[in-house]
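First the structure, in the form of structure tokens, and then the observations on it.
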Amino acid sequence: MTDLLVSREYRTITNVAGPLIFISNAKDVSYDEIVRIRLPDGEERTGRVLEISKDVAVVQVFEGTTGIDNRLTSAEFTGKPLTMKLSPDILGRTFNGIGKPRDGGPDIIEEMEVDVNGMPINPVARDKPEDFIQTGMSAIDGLNTLVRGQKLPIFSGAGLPANKLAAQIGRQAKVLGEGEQFSVVFAAMGITFREASFFTRSFERSGALGRVVFFMNLTNDPTIERLTTPRCALTVAEYLAYTLNHHVLVILTDMINYCEALREISTAREEVPGRRGYPGYMYTDLSTIYERAGKIKGKKGSITQIPILTMPDDDITHPVPDLTGYITEGQIVLSRDLFRRGGDPPIDVLPCLSRLMNSGIGEGKTREDHRNVADQLYASYAYGRDLRRLVAIVGEEALTELDRKYLKLADEFEKTFISQGDENRAIARTLEIGWNLLAMLPEEELKRINESYIEKYHPGYQEE
Amino acid sequence: MTTGSISRISGPVVTAEGLRGSMMYEVVRVGTDALFGEIIRLDKNEAVIQVYEDTSGLKVGEKVESTGTQFSVALGPGLLSSIYDGIQRPLPVLYEMSGDFISRGVFPPGLDLSRKWRFTPVVSVGDEVREGDLIGIVPEFHIEHRIMVPPSVSGKVREILEGDYTVSDPVCILDDGTKIAMMQLWPARKPRPYRKKMDPDTLLITGQRIFDTMFPVAKGGTAMIPGGFGTGKTVAEQTLAKWSDTRIVVYIGCGERGNEMTDVLYEFPELIDPRTGLPLIERTVLIANTSNMPVAAREASIYTGITIAEYYRDMGYDVALMADSTSRWGEALREISGRLEEMPGEEGYPAYLATRLAAFYERAGRVVCKGMDERIGSITIIGAVSPPGGDFSEPITQNTLRVAGTFWALDTALAYRRHFPSVNWIKSYSLYLESLEDWYEKEVAEDWKDLREEAIYLLQKEVELQEIVQLVGPDALPDSEKLILEVSRIIREDFLQQSAFHEIDSFCSLDKQYWMMKVILTFHEKAKKAMNRGIGIDSIMQLPVKKAIGRMKELSDAEMVREHIDRITIDIDSLMEEDR
């Protein structure tokens with residue numbers, strides 16, 4: 001480590017382009033290391049090495065390149081990648097996008113210092129996520145169950161209440177019958193002060209503030225720092241989960257801003273663009289964030305991720321939601337249509353999915369009939385929704401009696417099952433509402449449900 | 001072996017100088033950590049290297065050493081039940097060596113070099129052997145692992161051993177002194193040789209109705225499953241890996257989720273192969289290069305997998321290879337190509353994408369293997385494709401369509417209403433129907449072809465009728481067409497839908513598939529007749545047998561399904577009786 005003591009300061013910036021600076025003749029530079037940049041007026045900024053060749057090092061400046069000149073500004077190579085200082089004192093603290101305190105408090109006195117890029121978890125070391133998390137929301141618990149160690153994003157549209165939903169999950173989420181340590185890591189990327197303070201207030205109200213670590217990169221903060229915000233946050237989450245044995249819920253918002261920062265860097269580097277100008281490696285890059293959710297064998301803690309992203313123009317095929325959906329284990333999708341009709345939360349369950357649902361439900365976890373009820377509700381609601389389109393053309397009178405029942409079920413489903421406001425519903429209550437809805441159909445329509453469950457749980461049998 | 005030095009670093013692509021005399025795709029060790037890399041371009045004094053590990057911390061000027069060999073896969077007993085990363089590093093060994101996270105510069109061998117295997121020779125001293133000939137067998141779980149003379153080796157056996165040896169011990173020595181061990185190395189990017197290719201003529205039985213009855217793939221064929229996220233690609237691939245009737249399954253998790261691989265790792269040792277009664281893991285080789293593992297190793301994982309598949313094919317076995325997902329492999333190509341600053345083709349993919357894809361799928365096939373006994377082996381490739389935005393017009397889907405024999409189009413709309421497997425019956429097709437016709441006639445039933453065509457016809461007709469219904473409402477249809485709507489709904493819900501998680505329904509024997517289809521079409525036939533005699537459609541739809549048809553999939557026995565035919569006759573006859 002002796003070479004670190006030798007200061008390697010260069011005043012050889014030859015080129016500045018967007019967020020990048022090009023330093024020539026730099027010797028002994030390592031890929032991905034952190035660079036300290038000193039402006040003529042004494043201001044200090046941080047950068048990261050993106051590419052090196054014999055004569056030039058390309059450095060991405062986190063705080064932006066405004067004011068950097070190509071004569072007096074100097075750059076010092078630290079020889080280290082970006083790290084995060086960790087100790088149990090980080091709980092309750094607020095940091096900026098590159099992991100420096102921004103709450104006016106003192107620096108963290110570290111117990112350990114960790115590279116924020118993290119390393120891929122060996123698939124063999126992963127533990128199977130199977131602990132049911134009760135969020136108290138019927139659309140999630142009943143139909144798209146969240147389990148510990150899962151990454152389940154919320155796909156939202158501009159103006160839809162994704163934040164409210166995320167905050168409510170953060171407040172209500174619990175694992176049945178357990179009283180373990182849990183904490184929340186909240187990473188804000190390019191969101192407004194108003195949104196950020198909504199979350200702060202929400203945590204405050206539930207008295208959880210002392211268990212939250214905030215990473216704040218707001219709209220007016222440097223764009224490029226958004227690239228490191230989630231990585232710093234997840235480094236803290238890994239520390240809390242695997243060293244301090246907490247169950248950590250990580251909320252990342254808004255991933256679209258992260259991806260835009262990624263695109264900005266890519267454009268500045270003149271890379272070949274993929275779809276809509278986003279770089280071709282965006283899938284890989286996003287995976288190095290999302291894949292940091294999970295559980296590890298032999299460790300008590302876990303990391304559950306809820307990334308929020310705003311779909312531009314409500315388009316689920318936009319590259320950011322699309323690639324996210326390919327990496328995450330399902331998605332919760334909000335619908336403008338339902339929101340207008342007063343759905344609260346306006347979750348459109350049809351495009352929603354939880355890939356780990358099956359391992360978190362069933363006998364001993366939720367209830368034996370859970371899977372069947374969810375499947376039947378899905379199939380029936382989907383059919384009812386199809387009929388709505390038909391009704392718009394031919395009128396309700398043209399429908400068969402059975403179809404009218406389906407139509408009614410679809411309406412009731414949205415009103416009583418999905419919409420719940422601030423209510424915190426236990427899973428048994430969610431299933432009960434589900435059964436009441438299914439009872440609107442003739443029994444032979446319930447093909448997805450095992451006959452023995454019908455006898456046991458169908459309201460028609462209960463009354464007798 | 002030459003040593004050069006790093007002159008440029010850009011993500012996973014490193015340029016080195018002074019490696020003159022190295023060859024394309026030669027393995028090199030990069031930097032002081034000796035990271036694993038492969039030369040992908042040679043340019044005068046410079047070699048461009050893709051590095052299979054994270055390059056953070058590398059410096060310009062660090063040394064690069066060439067090894068003189070190409071990236072090779074270790075083949076021998078011990079592959080089955082293993083789990084590797086993209087470059088055949090055994091993950092459990094890595095776990096022991098470096099803990100929960102994958103660290104760099106660690107290279108355990110692909111096969112356990114200390115474990116002893118019982119080798120029983122099948123040749124004797126003085127026998128003439130040539131490439132591909134069997135020299136002995138080793139029991140590997142329930143598979144007879146056949147030790148073959150490696151390609152381009154031949155001679156007279158001078159010495160042959162029997163007993164317990166490690167994979168690297170020579171067990172056979174030829175006249176010219178060539179030593180043959182149980183393990184052989186083969187360059188992953190080079191297809192293993194065979195004698196000749198044959199037409200596939202046997203069905204790959206998957207136990208899935210939509211595949212086996214509707215859109216079959218033959219052993220030695222190729223199939224693709226494209227679909228947007230959430231349409232059930234991975235569940236389909238895993239279901240196929242579970243129930244396909246091949247001796248060996250190679251499952252490649254290429255750039256997919258870590259938790260999914262964990263799922264496989266937890267589930268496969270517990271699942272029982274319905275044909276052998278043994279744990280499924282004992283016939284499976286897993287390759288897991290998750291999305292956050294280095295992108296260059298993701299590119300290599302496909303080749304590692306197919307080489308292992310070819311090795312078992314050469315023993316004369318049927319092998320199924322699942323690749324989930326080939327799109328991620330294509331994206332790895334694109335990423336590397338972008339770093340090389342190559343001229344991009346469509347959507348930024350390199351121009352050679354189509355060639356590479358075709359070359360991979362062509363490694364499938366039913367072949368006569370090298371060797372005297374003319375063993376016949378096959379590889380069936382089933383590749384998942386993840387088109388961005390579920391849009392099938394993108395390059396990977398389109399290029400795969402040109403080479404794949406069966407097309408299983410997954411449909412987001414079906415997935416939304418939880419119709420699984422969400423294979424769209426209108427868009428999908430199979431090019432193997434003709435070559436499998438004889439097989440079906442012999443193994444299933446003579447009228448299989450007619451039944452399938454009838455069902456496809458009804459489903460097609462349903463689409464047309466639905467369009468009319470959308471315009472004028474269902475009442476405008478005559479009763480015979482209303483019946484078609486009802487019957488096609490039965491086909492969709494009670495035949496095509498199949499739960500991958502149901503105890504009984506997850507695997508459906510061909511017999512049961514046949515009888516289910518037969519029952520549904522018989523119902524249609526009889527209902528039509530009854531309606532011709534003036535019976536209303538409503539009273540037919542309320543028959544108890546219709547409800548029973550909806551529960552057929554839960555029956556374990558084909559015979560019990562068959563009994564429904566009589567019930568249909570009885571029910572409808574009594575209905576007509578009443579009417580009279």
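Below, chain A is the first sequence line, B the second, and so on; all start at residue 1.
Top candidate by heavy-atom pairs under 4.5 Å with chain A, chosen from D494(B), V295(B), T15(B), is D494(B). Per-residue heavy-atom pair counts under 4.5 Å with chain A were compared for D475(B), V235(B), L58(B), and the maximum is reached by L58(B). In terms of heavy-atom pairs under 4.5 Å with chain B, the best-connected choice from N358(A), T400(A), D375(A) is N358(A). For the set D285(A), D386(A), N117(A), L50(A), the entry with the most heavy-atom pairs within less than 4.5 Å of chain B is D386(A). Among the candidates V394(A), N122(A), T317(A), the residue making the largest number of heavy-atom pairs closer than 4.5 Å to chain B is N122(A). Counting heavy-atom pairs under 4.5 Å between each of V56(A), D315(A), D127(A), V49(A) and chain B puts D127(A) at the top. Heavy-atom pairs under 4.5 Å with chain A were tallied for A288(B), G230(B), P388(B), P344(B); the largest tally goes to P388(B). Across G228(B), G550(B), G61(B), G338(B), the residue that shares the most heavy-atom pairs under 4.5 angstrom with chain A is G228(B). Among the candidates A374(A), S380(A), P351(A), A382(A), the residue making the largest number of heavy-atom pairs closer than 4.5 Å to chain B is P351(A). The most heavy-atom pairs under 4.5 Å with chain B, out of E271(A), Q331(A), H318(A), come from Q331(A).
For a residue to count as touching a neighbouring chain, one of its non-hydrogen atoms must lie under 4.5 Å from one of that chain's; by this rule I289(A) does not touch chain B. Both the backbone and the side chain of Y95(B) come within contact range of chain A, with heavy atoms under 4.5 Å apart. With a 4.5 Å cut-off on non-hydrogen atoms, R339(B) touches chain A through its side chain but not through its backbone. With a threshold of 4.5 angstrom between heavy atoms, P319(A) does not approach chain B through any atom at all. For V272(A), the part lying under 4.5 angstrom from a heavy atom of chain B is the side chain only. Of the two parts of V60(B), the backbone and the side chain both hold a non-hydrogen atom closer than 4.5 Å to a non-hydrogen atom of chain A. In this structure, chain A has a heavy atom under 4.5 Å from the side chain of L265(B), while its backbone stays farther away. For K299(A), the part lying near chain B is the side chain, with the backbone staying farther off; criterion is any non-hydrogen pair under 4.5 Å. Looking at L387(A), there are no atoms closer than 4.5 Å to chain B (heavy atoms on both sides), in backbone or side chain. In this structure, the portion of I83(B) lying under 4.5 Å from any heavy atom of chain A is its side chain and not its backbone. Contacts between P81(A) and chain B at a heavy-atom distance below 4.5 Å are absent for every atom of the residue. For K233(B), the part lying near chain A is the side chain, with the backbone staying farther off; criterion is any non-hydrogen pair under 4.5 Å. Interface remark: E17(B) contributes side-chain atoms only to the contact with chain A (heavy atom separation under 4.5 Å). Only the side chain of R269(A) comes within contact range of chain B, with at least one heavy atom under 4.5 Å from a heavy atom of that chain. Using a 4.5 Å cut-off between heavy atoms, I121(A) contacts chain B through both its backbone and its side chain. Only the side chain of I296(A) comes within less than 4.5 Å of a heavy atom in chain B; its backbone stays farther off. With a threshold of 4.5 angstrom between heavy atoms, K151(A) approaches chain B through side-chain atoms but not through N, CA, C or O. Interface residue P387(B): backbone and side-chain heavy atoms are both found under 4.5 Å from chain A.
For the atom pair L353(A) CG and R418(B) CZ, the distance stands at 5.5 Å (nearest 0.5 Å). Of the inter-residue distances, the one linking S291(B) atom OG with L286(A) atom CG reads 9.5 Å to the nearest 0.5 angstrom. Taken from CG in N259(B) to CD in E130(A), the straight-line distance is 11.0 Å, to the nearest 0.5 Å. Separation of atoms CZ (F229(B)) and CD1 (I327(A)) is listed at 11.0 Å; rounding is to 0.5 Å. With rounding to the nearest 0.5 Å, the separation of CE in M119(A) from OG in S98(B) is 7.5 Å. Here the OG atom belonging to S56(B) is positioned 8.0 Å from the CZ atom belonging to R48(A), to the nearest 0.5 angstrom.
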**Request:** Take R489(B) and E445(A) through the salt bridge (charged side-chain N to carboxylate O under 4.0 Å, His left out) test and state the conclusion after the steps.
**Result:** CA-CA 12 Å; R489(B) 185 173 165 207; E445(A) 285 296 302; 3.1 Å; yes
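Here the side chains of L390(A) and V469(B) are in contact, with some heavy-atom distance below 4.5 Å. No side-chain heavy atom of H419(B) sits under 4.5 Å from any side-chain heavy atom of Y378(A). Using a 4.5 Å heavy-atom threshold, the side chains of Q497(B) and R448(A) count as touching. Looking at heavy atoms from C-beta onward, P123(A) lies in side-chain contact with M293(B) at the 4.5 angstrom threshold. Annotation: side chain of S359(A) is not in contact with side chain of E267(B) (no heavy-atom distance under 4.5 Å). Under the 4.5 Å side-chain criterion, counting only non-hydrogen atoms from C-beta, R551(B) is in contact with E451(A). Residues M261(B) and R126(A) form no side-chain contact, since every pair of their non-hydrogen atoms from C-beta on lies 4.5 Å or further apart.
Proximity of a side-chain donor or acceptor of Y383(A) to a complementary backbone N or O of R417(B) within less than 3.5 Å is not detected. N292(B) places no side-chain N or O within 3.5 Å of a backbone atom of S287(A) that could act as its donor or acceptor partner. Between the side chain of E347(B) and the main chain of R275(A), no donor-acceptor pair closer than 3.5 Å is present.
No hydrogens or angles considered: nothing links the side chains of Q470(B) and R389(A) as a donor-acceptor pair under 3.5 Å. Between the side chains of E335(B) and T284(A), at least one donor-acceptor pair of N or O atoms lies under 3.5 Å. Side-chain atoms of Y283(A) and R328(B) include a donor-acceptor pair closer than 3.5 Å.
Of the residues I6(B), V14(B), T55(B), the one that meets the side-chain contact (heavy atoms from CB on, under 4.5 Å) test with Y31(A) is T55(B).
Taking 4.0 Å as the cut-off between side-chain N and carboxylate O, E256(B) and R355(A) do not count as a salt-bridged pair. The pair E493(B)-K447(A) meets the salt-bridge criterion, since a charged nitrogen lies less than 4.0 angstrom from a carboxylate oxygen. Electrostatic pairing of E33(A) and K59(B) does not count as a salt bridge here, judged by no charged N lying under 4.0 Å from a carboxylate O. Under a 4.0 Å N-O distance rule, the pair R8(B)/E51(A) qualifies as a salt bridge. Between K297(A) and D100(B), none of the side-chain N atoms (NZ, or NE/NH1/NH2) sits under 4.0 Å from a carboxylate O, so this pair counts as no salt bridge.
Heavy-atom contacts from other residues, nucleotides or ligands closer than 6.0 Å to NZ of K128(A) number more than 12.
Geometrically, R385(A) does not engage Y416(B) in a cation-pi contact defined by less than 6.0 Å to the ring centre and at most 45° from the axis.
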